[in-house]
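Below: one structure, written as structure tokens.
Below, chain A is the first sequence line, B the second, and so on; all start at residue 1. Scope of the values below: all heavy atoms of this structure, side chains included, with no hydrogens, waters or symmetry mates.
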Amino acid sequence: MRELQAPKGVSEYFPPRSQYFEFVRETLIDSAKIAGYQLMELPVFEDTELFRRGVGESTDVVSKEMYTFEDRGGRSITLRPEGTAGVMRSVIEHNLDKLTLPIKVWYSGAYFRAERPQAGRYRQFYQVGIEAIGLDDPEIDFEVIAIADRAFKELGLKEYRLEITSLGDTKSRASHRKDLVAYISKLKLDEATSARAALNPLRLFDDKRSEIQEAMAGAPLLLDYLSEESSANFERVKDLLTEAKISFTINPRMVRGLDYYTGTAFEFVSEKLGAQSGIGGGGRYDGLMAELGGNELSGIGFGLGVDRILLACEAEGIFDSAINRSDLDLFLVALTSGEKSFVSNLLNSLRNQGISCDMAYGDRALKGAMKSADKSGAKFSAVIGADEIKSGNLSLKDMKTGEIKEVRITALSDEFNAN
RNA sequence: GUGGUCGUAGCUCAGCUGGUAGAGCACUCGGUUGUGGUCCGAGAUGUCGCGGGUUCGAGCCCCGUCGAUCACCCCA
């Protein structure tokens with residue numbers, strides 16, 4: 001074991017793979033931005049109470065997966081396990097709900113859950129999320145789903161599916177729950193499972209064990225209990241998705257892990273990942289704002305798992321053809337150490353003019369320096385020796401074609417700005 | 001939190017029934033005068049995850065531990 005190593009279960013991204021991570025994250029964010037969502041930058045830690053009330057005591061996330069500690073002032077602090085609760089807190093705290101509605105925000109960052117690590121499941125993971133608050137309308141439900149779907153298509157993902165359902169309103173949920181509990185009480189379950197069912201009977205729908213799935217086959221479905229309004233909303237969302245040619249399947253057994261969801265709920269699942277195949281999910285939450293002490297505003301949002309989406313992209317071979325994503329225009333090589341300060345200055349002045357360029361550092365032989373030029377992925381390279389400095393001309397080499405053309409050193413910036 | 005598998009050079013891995021380590025890739029240098037990507041040659045590299053035990057002797061066996069991985073639970 002190394003003396004120092006990263007804590008268990010964290011994901012890290014470094015070159016060259018970090019460029020794909022960045023690409024994925026930026027693509028997800030762009031999809032939200034072009035729909036009018038604005039940045040919300042929030043703390044990674046919050047008062048523990050926020051998640052207890054916001055996410056729900058009955059959830060596994062709160063009951064056993066939070067990183068909670070006491071700070072120096074004796075306050076109970078928790079590393080955010082998800083993003084929505086923090087957004088709500090901030091909206092309420094800064095009275096954003098008094099402004100024009102809906103509030104449409106996006107956010108991105110690290111989240112923390114103390115789970116056993118697994119492929120696609122990390123203790124620190126990254127999400128891009130959006131929330132549209134203060135509007136209860138199928139149109140906005142559709143918009144939120146479409147933003148996620150557009151992001152995935154933009155990335156080039158094909159092997160994924162969208163599952164949707166409606167979790168109904170408070171009344172429909174209550175009557176369904178009553179029947180479901182009655183149904184479950186007749187089943188023979190082991191201790192752990194019935195304890196889980198007692199906390200949230202819906203969980204049993206999600207159990208992967210075949211005996212449980214068989215036992216649940218005849219269980220009453222929430223979709224059959226929807227109120228007229230919920231049902232009409234759900235129909236409208238489905239129609240909009242169909243019109244937009246966003247394919248989906250209805251999964252009446254879908255369960256969301258956090259307690260606050262109501263109404264439209266959805267999940268994007270990659271076909272190319274293992275057990276942790278959910279690449280994004282979200283839904284509507286009616287009672288959350290009020291629960292946290294704010295106005296009775298409804299909202300909808302999603303969280304997209306950047307780590308898993310990156311994994312899915314790789315599994316689909318999306319980056320195979322992207323051989324070179326380097327941003328460098330030019331790579332300079334000093335022939336001998338005598339030209340290094342000249343090159344260094346030239347480099348600096350080119351950068352001042354907005355040209356992305358780099359140079360071979362250290363005392364490497366020309367062959368080695370050219371190798372680093374190659375590896376840098378720069379579009380052009382140039383060797384600078386005493387001759388070039390004297391004449392003021394250099395040979396600009398196109399690294400792809402090998403073509404060389406003479407350029408005045410003073411005209412270098414024009415050469416690149418023209419492109 | 002539960003269970004399975006695994007942990008050898010920077011990376012991917014080989015190492016027979018225990019005798020103190022190897023390959024490919026990558027890396028560095030070179031193949032005569034200042035141009036990379038192919039080819040050829042040379043070179044460097046490891047406390048075999050860590051700790052303990054068994055043994056004359058362990059990378060290979062046993063125990064523990066840390067980590068990874070896969071599944072359950074749960075979820076992004």
Side-chain angles (χ1 to χ4, degrees), chain A residues 1-11 16 28 55 59-65 81-84 108-129 148 190 192-193 195-196 199-200 203-204 206-210 212 254-258 267-270 273-282 302-312 323-324 331-336 339 360 362-378 380-388 394-404:
Chain A
M1 182 178 58
R2 304 275 167 102
E3 211 180 327
L4 252 23
Q5 58 185 334
K8 184 189 180 98
V10 301
S11 61
L28 301 177
V55 178
T59 63
D60 281 32
V61 169
V62 169
S63 62
K64 54 187 194 194
E65 294 170 0
E82 59 93 56
T84 305
S108 148
Y111 296 84
F112 309 85
R113 254 117 96 161
E115 300 179 276
R116 184 82 165 253
Q118 192 179 333
R121 189 172 73 182
Y122 307 102
R123 292 187 165 185
Q124 174 173 331
F125 57 98
Y126 297 87
Q127 273 188 208
V128 168
D190 60 89
T193 309
R196 204 143 30 90
L199 271 175
N200 183 351
R203 287 288 161 73
L204 292 201
D206 223 14
D207 202 303
K208 285 178 187 172
R209 290 169 296 181
S210 55
I212 303 291
M254 190 167 93
V255 181
R256 303 262 62 224
L258 314 179
E267 217 167 76
F268 286 88
V269 181
S270 167
L273 299 181
Q276 308 307 323
S277 57
I279 54 176
F302 65 54
L304 307 180
V306 184
D307 312 82
R308 287 182 187 177
I309 294 167
L310 173 60
L311 253 21
I323 301 151
N324 173 27
F331 195 92
L332 295 175
V333 173
L335 187 59
T336 73
E339 292 84 33
D363 291 309
R364 309 192 58 188
L366 183 59
K367 181 169 179 170
M370 284 306 294
K371 269 194 163 182
S372 43
D374 188 32
K375 252 168 279 174
S376 78
F380 293 90
S381 73
V383 175
I384 293 179
D387 294 354
E388 281 77 10
L394 52 66
S395 303
L396 199 58
K397 179 169 187 174
D398 185 318
M399 293 301 278
K400 218 164 209 165
T401 63
E403 281 170 48
I404 286 176

For RNA chain B, produce a single dot-bracket line, 5' to 3'. Pairs: Watson-Crick or G-U wobble, both distances under 3.5 Å. Symbols: ( ) within strand, [ ] crossing, | other strand, . unpaired. (((((((..((((........)))).(((((.......))))).....(((((.......))))))))))))....

Would you sort out whether A:E403 and A:K397 count as a salt bridge (Lys or Arg N to Asp or Glu O under 4.0 Å), showing the intermediate values? CA-CA 6 Å; A:E403 281 170 48; A:K397 179 169 187 174; over 6 Å; no

In whole Å, what separates the C1' atom of B:rA23 from that of B:rC73? 42 Å

Of all heavy-atom pairs between A:E115 and A:R123, which one has the smallest distance, and what is that distance? O-NE, 2.7 Å

Please determine whether a side-chain nitrogen of the Lys or Arg among A:D207 and A:R196 lies less than 4.0 Å from a carboxylate oxygen of the Asp or Glu. yes

Spatial distance of atom CG (A:L332) from atom CG (A:L394) [nearest 0.5 Å]: 7.5 Å

Expressed in whole Å, how much space separates the P atoms belonging to B:rC39 and B:rA26? 8 Å

Between B:rC40 and B:rG24, how far is it from one P atom to the other, in whole Å? 12 Å

So which atom in A:A378 and which in A:F331 form the shortest heavy-atom distance, rounded to 0.1 Å? CB-CB, 3.8 Å

Can you check the distance between B:rC11 and B:rC27, where both ends of the measurement are the P atom (answer in whole Å)? 15 Å

Separation between the P atoms of B:rG7 and B:rG15, rounded to whole Å: 11 Å

Please name the pair of heavy atoms, one in A:L304 and one in A:A148, separated by the smallest distance, quoted to 0.1 Å. CD2-CB, 4.0 Å

Rounded distance in Å between the C1' positions of B:rG19 and B:rC13: 24 Å

Sub-4.5 Å side-chain heavy-atom contact between A:D307 and A:L310: no

Quick one, give me the B/S/- string for nucleotides 28-33 of chain B, reading 5' to 3', where B means a protein heavy atom under 4.0 Å from the base and S means that only happens at the primed atoms, P, OP1 or OP2. SSBB--

Looking at A:D374 and B:rG37, is any side-chain donor or acceptor paired with a base atom of the opposite kind under 3.5 Å? no

Can you check whether any acceptor in the base of B:rG34 is under 3.5 Å from a donor in the side chain of A:E339, or vice versa? no

Measure across A:P117 and A:K8 and return the closest heavy-atom pair with its distance rounded to 0.1 Å. CD-CE, 3.9 Å

Check whether A:S63 reaches the backbone of A:T59 with its side chain - one donor and one acceptor, N or O, closer than 3.5 Å. yes

Quote, to the nearest angstrom, the P distance that separates B:rA14 from B:rG30. 35 Å

Which atom pair, heavy atoms only, marks the closest approach of A:I279 to A:S270? CG2-CB, 3.9 Å

Rounded to whole Å, how long is the line connecting atom CG of A:L366 with atom P of B:rG37? 11 Å

P gap between B:rC60 and B:rG53, integer Å: 14 Å

Interatomic distance where CG belongs to A:D398 and P belongs to B:rG36 [whole Å]: 15 Å

State whether a side-chain donor-acceptor pair under 3.5 Å links A:R203 with A:T193. no

Cationic N near anionic O, under 4.0 Å, A:R256 to A:E267: yes

Would you mind building the protein contact string for nucleotides 68-76 of chain B? One character per nucleotide, 5' to 3', B for base within reach (heavy atoms under 4.0 Å), S for sugar-phosphate only, - for untouched. S-SBBBBBB

